Amino acid sequence: SNSKFIISPNFYTKHSLLYYLLVKASLFFQIKNIFSIKYFILQNSNIIVVNSYCERNQIVKIFNVNKNKFKIVHNFIPDSFNHLAKKKLFTNTYGINPGYFLTVSFVDERKNIFNLIKAHLNTFNSHKKILVIIGDSRFSNKINNDNFLGLISKNMDKIRFIKGLSPNSD
């Protein structure tokens, strides 16, 4: 048919190798399950929309999908956040002066948080701006989580970590 099939899988797993093996086993033994169905949908999609290169790379690796099928559309910030910024609610609540770097996302390896922190610390003396990280931690192992929290505690004058906020929170 001439129909275009576009999906946005919002796919993430901490168990890439396990998923890869389950997909391969499902296909080899011709078992219909969630893995073989996802494989079929991804293989037969004309366009796959994801929100990061990491998500694309994970899907390519696990499901053996052609990279050219992907379109990366990054998340956006709703206008409601701009309204709050004008009120200085955020800066007043958290005691952060205007002129900071902000990242809002889950905090894990896939989000490249360690390289972000490293780059920030290496350039801090040239810009003197605080890095504000907002999000919930979901590292794949305790060591990475402990390393992240250690970096934050050693650099509290340069980095502020705020656990995830609800979009409707004050």
Side-chain angles (χ1 to χ4, degrees), residues 7-23 34-35 38 42 48-63 65 67 70-170:
I7 64 166
S8 180
N10 292 322
F11 181 82
Y12 172 73
T13 180
K14 294 179 182 179
H15 310 287
S16 294
L17 179 59
L18 176 62
Y19 262 60
Y20 175 80
L21 293 173
L22 289 169
V23 168
I34 190 68
F35 304 105
K38 283 182 182 182
L42 290 165
I48 302 168
V49 179
V50 295
N51 64 19
S52 71
Y53 289 99
C54 288
E55 185 178 13
R56 178 202 64 190
N57 293 344
Q58 192 173 56
I59 293 170
V60 167
K61 180 180 174 184
I62 293 172
F63 295 98
V65 179
K67 276 187 180 181
F70 289 84
K71 300 290 181 203
I72 298 174
V73 178
H74 299 284
N75 293 329
F76 77 102
I77 299 173
D79 288 339
S80 60
F81 285 145
N82 293 330
H83 175 69
L84 293 175
K86 290 176 186 167
K87 288 184 173 181
K88 298 187 183 198
L89 180 63
F90 178 78
T91 54
N92 291 340
T93 301
Y94 294 100
I96 300 168
N97 294 326
Y100 50 85
F101 297 114
L102 175 66
T103 181
V104 180
S105 71
F106 280 109
V107 180
D108 62 24
E109 302 87 352
R110 184 176 71 109
K111 300 295 183 172
N112 216 3
I113 196 72
F114 289 113
N115 283 332
L116 174 64
I117 292 171
K118 181 180 175 183
H120 176 71
L121 294 175
N122 285 339
T123 61
F124 181 79
N125 288 333
S126 65
H127 56 71
K128 305 282 189 204
K129 295 177 192 256
I130 290 178
L131 171 62
V132 179
I133 302 169
I134 300 176
D136 290 320
S137 173
R138 64 174 192 186
F139 286 98
S140 61
N141 64 57
K142 186 177 178 340
I143 293 170
N144 286 344
N145 190 64
D146 291 347
N147 288 340
F148 169 73
L149 294 175
L151 278 170
I152 300 300
S153 67
K154 289 178 193 169
N155 296 285
M156 292 182 78
D157 58 326
K158 299 174 184 87
I159 305 170
R160 184 75 51 88
F161 175 56
I162 302 168
K163 292 197 182 266
L165 302 170
S166 162
N168 299 324
S169 65
D170 286 342

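From a predicted model like this one, the values you see are computed outputs, not experimental measurements. Computed from heavy atoms alone, side chains included, the values below leave out hydrogens, waters and symmetry copies. We count residues from 1, following the sequence as given.
- For the pair Phe148 and Asn144, the minimum side-chain heavy-atom distance is 4.5 Å or more.
- Counting heavy atoms from C-beta outward, Asp136 and Lys163 have side chains that approach closer than 4.5 Å.
- Atom-to-atom distance recorded for Ile130:CD1 and Leu102:CG is 12.0 Å, nearest 0.5 angstrom.
- For the atom pair CZ of Phe101 and CD1 of Ile159, the computed distance is 12.0 Å after rounding to the nearest 0.5 Å.
- Closest heavy-atom contact between Ser153 and Gly150: OG-O, 3.0 Å.
- Within the 4.5 Å cutoff, no side-chain heavy atoms of Ile62 are placed close to those of Phe35.
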Walk me through it: do Ile133 and Val104 pass the test side chain to side chain contact (heavy atoms under 4.5 Å, CB included)? CA-CA 6 Å; Ile133 302 169; Val104 180; over 6 Å; no

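- Residues Phe161 and Val107 are in side-chain contact: their nearest non-hydrogen atoms beyond the backbone lie under 4.5 Å apart.
- With a 4.5 Å cut-off on side-chain heavy atoms, Val50 and Ile59 count as touching.
- Counting only heavy atoms from C-beta outward, the side chains of Asn155 and Leu121 approach each other to under 4.5 Å.
- Side-chain contact between Leu131 and Tyr100 is absent, with no heavy atoms from C-beta onward closer than 4.5 Å.
- Side-chain contact between Asp146 and Phe139: absent, with no pair of heavy atoms (C-beta onward) separated by less than 4.5 Å.
- A donor-acceptor pair under 3.5 Å is absent between the side-chain atoms of Arg56 and the main chain of Lys71, judged by distance alone.
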